[in-house]
Each structure stands twice: as C-alpha cells, then as structure tokens.
Amino acid sequence: MTTTAPPADLPSATPAANIYAPARAILIGGGPAGLMAAEVLARAGVAVDLYDGMPSVGRKFLLAGVGGMNITHSEPREPFLSRYRERRQEMAALLDGFDADGLREWVHALGIETFVGSSGRVFPRDMKAAPLLRAWLKRLRELGVRLHTRHRWLGWDESGALRMATPEGERRLRADVLVLALGGGSWARLGSDGAWVPWLAARGVPVAPLKPANCGFEVPGWSPFLRDRFAGAPLKSVALSLPGEPPRLGECVLTQWGLEGSLVYALSAAIRTRIEAEGFAEPTLDLLPQRTLEQVRTALAKPRGSHSMAKHLHRQVGIEGVKAALLRELAPATAFADPSRLAQALKALPVHLVATRPLDEAISSAGGVRFEALDQASMLRDLPGVFCAGEMLDWEAPTGGYLLTGCFASGRRAGLGALDWLRRTREAPESSRP
Ligand SMILES: Cc1cc2nc3c(=O)[nH]c(=O)nc-3n(C[C@H](O)[C@H](O)[C@H](O)COP(=O)(O)OP(=O)(O)OC[C@H]3O[C@@H](n4cnc5c(N)ncnc54)[C@H](O)[C@@H]3O)c2cc1C
C-alpha cells in the first residue's frame, strides 16, 4: 500500500533513455487533471512548469474532501460508464487507460488507503483530501515539477505567446507543449471561473456553453410558511422520478428557492435538459418509497376518528415535519378528503422546477471544449501542441466519484498525449516542426 512505484504503464525517467530532457512543458491549472498530467510528463523527464492563478493548487479538490472525499466508485464498468450519459463513449476511451481500479492503485501508491462505503462509493480511509494532496505534491516536487502559484493565464498574445499575470507583472511564455486543465465554471472563488472560454473560442476551438451540473433547482415560489419553517430541512429516504430516467432513492434538501442535494444532483442533467426544452421539469417525489401504493392507501383508509389529518398521517404512515409540510404545499387540497388520492400524492408528488441555480453554486459544470475539437491524444486539432483535460472538457457526471475519476483519467491522457507529441516533434526533421 505504501510503495511509490508508478502505475504500470506510466513512462519513467531513466537518464540514459530520456529523450525529453531539454523539452519544456507548460501546464496551466493545478487541479487533479493538471497535476496528473504534470506527473506523467515529469516521470518521463520533461521539465514541467505548472501555473495556477490561486495562492495554492488543488483548492476545489480540497473542498471536495470537506464532506468526505469520494474519489471514485466501485460499481462494474458498464453502469460506471453509463453515468457519463451522452459522453459514455469518449469517457470510456479515457478510462481505458486509467479506470476506477487504476485510480485506487495510484492512491494506494501515495500511501493513502481507500475503502468502499455501503453505497459503493470509494473514499480515502480518513475521508479527507488534504493528506492525499500533500503526499502527491511531495511526489511532484521530488519529480522536479515547478509549481508557480499566483500566476494567472490571460490567453494568447498576437504572436501566439502565453500571457501570464504574475506577482511581478505580466510575462510572456512559450513552451514545447502546453496542457490546459482550467476546470469548469463553478465555485469561481476557488480558481476555476471559465474565463478561458472566449480565449479558446477566439482561436476557433468549439466550446459548448458552461452550464450548472450537480446543481439545485428552483420552484416558482414556496409559500412563506414552507420557506420560513423548513428551508434547510433534509428530506430523507425519498425517491425522485423523471419519465425516461430510472427512479433514484436517497435524500435531498428543501431550500429557500427549491430543492438541492445528492438525490437531485443524480437527475440534474436530465432535469436541466428538460427545463431547457420545455421551460420546466416536473419530477415526482415518492415520500414513502419503502411502501407500495396499495399499502399506503390501505393505511390511510383506516378510520381516523377524532384525529386531525396531520395526526392520522403521522400515526398511519409516519409522515410528519418537512414531508407533511411539502405534502400540504404540493398536493391538491381535495386529496386530503380522499385516502386514495392522498396515497397517490404521497407516492408521486409532482415538483414543478423551472430553473437551475446559478453555475457558481453548482458542484460541477456541464459544457466545455467539445470532444470533436480533440484528437485521440486530447490535443486540440486546430492548435497543435495544445492539450486539454479535466472538467473543462464537454462531459458531465453525477456525484459519486465519477467526476474526479474523469478528471484524473483525462489528465493522464493529456500528459501521455503531450509526451507523444514531444517525441514526434523531436524525431521530425527541424524544418517540418510546427
Ligand atoms: C463542493 C464540491 C464537492 C465535490 N465533491 C466531489 C467528490 O466527492 N467526488 C468527485 O468526484 N468530485 C467532486 N467534486 C468535483 C471535483 O472537485 C471537480 O470535478 C474537480 O476538482 C475538477 O478538476 P479539474 O482539475 O478539472 O479542475 P479544478 O479542480 O477546478 O482545477 C482547475 C485549476 O485551474 C486553475 N485555473 C483556472 N483558470 C486559470 C487561469 N486562467 N490561470 C491560471 N490558473 C487557472 C484554478 O485555479 C484551479 O486550481 C466536488 C466539487 C465541489 C465544488
């Protein structure tokens, strides 16, 4: 578990065979994708300079560790790949080189043990990101990676040089190869603000607009009673269904403006797409997923005597608190006079969602550099020598470790692609180099 050997097919720097020695790689973005690309290049002996606009690298990665770092998922390959939805094929190609098992081995090699939680999610033993990042940065420094924090890339100048804002003022940089791993557009205060989108678009790179993924959704207006009394309350053990999607079981949170939380995130791509197409989405909440409709109906049909409806719901089916308030808010008043209709409402309560919460609040971004813009090595077809990785690519996935797995795998692919590019350009006669 504590060996520091590289994963099986990572090239390693042996001085005699180091054809990359004088080559210089510039990497911009010190999140998991950029750091992984740096590791691949540095292991092969390339001089790596990694730049990040923030005072330290890996800030979003560290935040991901705050509530329990979920690094990957243990489910079999097919369901795992299905989490990437329309980008299943492209992500399968990236994960071929570095899948969930490969990622776990790599984590173990940093001296960090992992375990599989009851949900199948994989966590570092202590659930934290900081020890992993510390061990990784130590390894990268030992490999010679030079980290330049507070260096913010500003795009290209007219001559094609990189414009870099540094504490000493703006500088121009050139490299033999460039890897961009700039992240998406959420949580801008942690460094990834999507400022790169127009710079790449101006150079002809097709970029899908960044959109919130794994985000909350807005309901046109909770009543003041629901908002004031229950905003922030968790809705535990409920199921959410949207036609065309498998129902999800889990929990979410009722907020001032609507719903958020892991259950909603799991369906967020489908909900967002439906809102874009139709102006709204109406998933249904099952407040009693452990009971069948028939069971609920039978329980509610029992005489309630002098008990209030609230008491009856509590005694017969355990509905109280935020669940009872939500039922009152969303079920038609007439349903409360009819056990059969009330049971139906409890099992499929329509929630009218009209908008995503803003991108900056989202866990991750959808959109980004379109895969058609990249060759198989993750190099931009129209910008030879420039590679892209991580969340800045046009894919999305639910929470559950799929995001980080995709970022690590794409960072590794970009690093290997950059190495191959260096090898090919070095082998090519001087006159035919770009
Ligand atoms: C609250 C939260 C919890 C999460 N939990 C999980 C989880 O448990 N499991 C999971 O799989 N994923 C999780 N994620 C998502 C995961 O953290 C991200 O998908 C991942 O960090 C993206 O990696 P990246 O390397 O592509 O980009 P980032 O981590 O965003 O890194 C990009 C880097 O580029 C730098 N940068 C950007 N623009 C410039 C520029 N112009 N010049 C210089 N530097 C620049 C930024 O400063 C940043 O350091 C979570 C995210 C959040 C917000």
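Counting from 1, the numbers follow the sequence of the chain as shown. None of the values given here were measured: they were computed from a predicted structure. Whatever order the structure lists them in is the order used to number ligands and atoms, beginning at 1.
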(Q) Do C407 and W395 make a side-chain contact, defined as non-hydrogen atoms from C-beta onward lying under 4.5 Å apart? (A) yes

Heavy atoms of G31 and D52 approach each other most closely as N-OD2, 4.5 Å

Output side-chain donor-acceptor pairs under 3.5 Å for residues 260-272, partner residues at least two apart or in another chain, one line each.
residue: S262; atom: OG; partner: E251; partner atom: O; Å: 3.4
residue: S268; atom: OG; partner: N214; partner atom: N; Å: 3.0
residue: S268; atom: OG; partner: Y265; partner atom: O; Å: 2.9
residue: R272; atom: NH1; partner: P212; partner atom: O; Å: 3.0
residue: R272; atom: NH1; partner: E396; partner atom: OE1; Å: 3.1
residue: R272; atom: NH2; partner: E396; partner atom: OE2; Å: 2.6

One line per pair, note the atom names and distance for all nitrogen or oxygen contacts under 3.5 Å between ligand 1 and the protein.
residue: ligand 1; atom: 8 (O); partner: N70; partner atom: N; Å: 3.3
residue: ligand 1; atom: 9 (N); partner: N70; partner atom: O; Å: 2.7
residue: ligand 1; atom: 11 (O); partner: L404; partner atom: N; Å: 2.7
residue: ligand 1; atom: 19 (O); partner: E391; partner atom: OE1; Å: 2.6
residue: ligand 1; atom: 25 (O); partner: P32; partner atom: N; Å: 3.2
residue: ligand 1; atom: 25 (O); partner: A33; partner atom: N; Å: 3.0
residue: ligand 1; atom: 26 (O); partner: E391; partner atom: N; Å: 2.8
residue: ligand 1; atom: 30 (O); partner: S192; partner atom: OG; Å: 2.9
residue: ligand 1; atom: 41 (N); partner: W153; partner atom: O; Å: 3.1
residue: ligand 1; atom: 42 (N); partner: W153; partner atom: N; Å: 2.9
residue: ligand 1; atom: 44 (N); partner: G53; partner atom: N; Å: 3.0
residue: ligand 1; atom: 47 (O); partner: D52; partner atom: OD1; Å: 2.7
residue: ligand 1; atom: 47 (O); partner: D52; partner atom: OD2; Å: 3.4
residue: ligand 1; atom: 49 (O); partner: D52; partner atom: OD1; Å: 3.4
residue: ligand 1; atom: 49 (O); partner: D52; partner atom: OD2; Å: 2.5

Taking NZ, NE, NH1 and NH2 as the nitrogens, is one of them in R413 or D96 under 4.0 Å from a carboxylate oxygen of the other?
no

Report task. Taking the six-membered ring for Trp and the single ring otherwise, decide whether the centroids of W222 and F230 are under 6.0 Å apart. Result -> no

Is the shortest distance from a Lys or Arg side-chain nitrogen in D157 or R172 to a carboxylate oxygen in the other one below 4.0 Å? yes

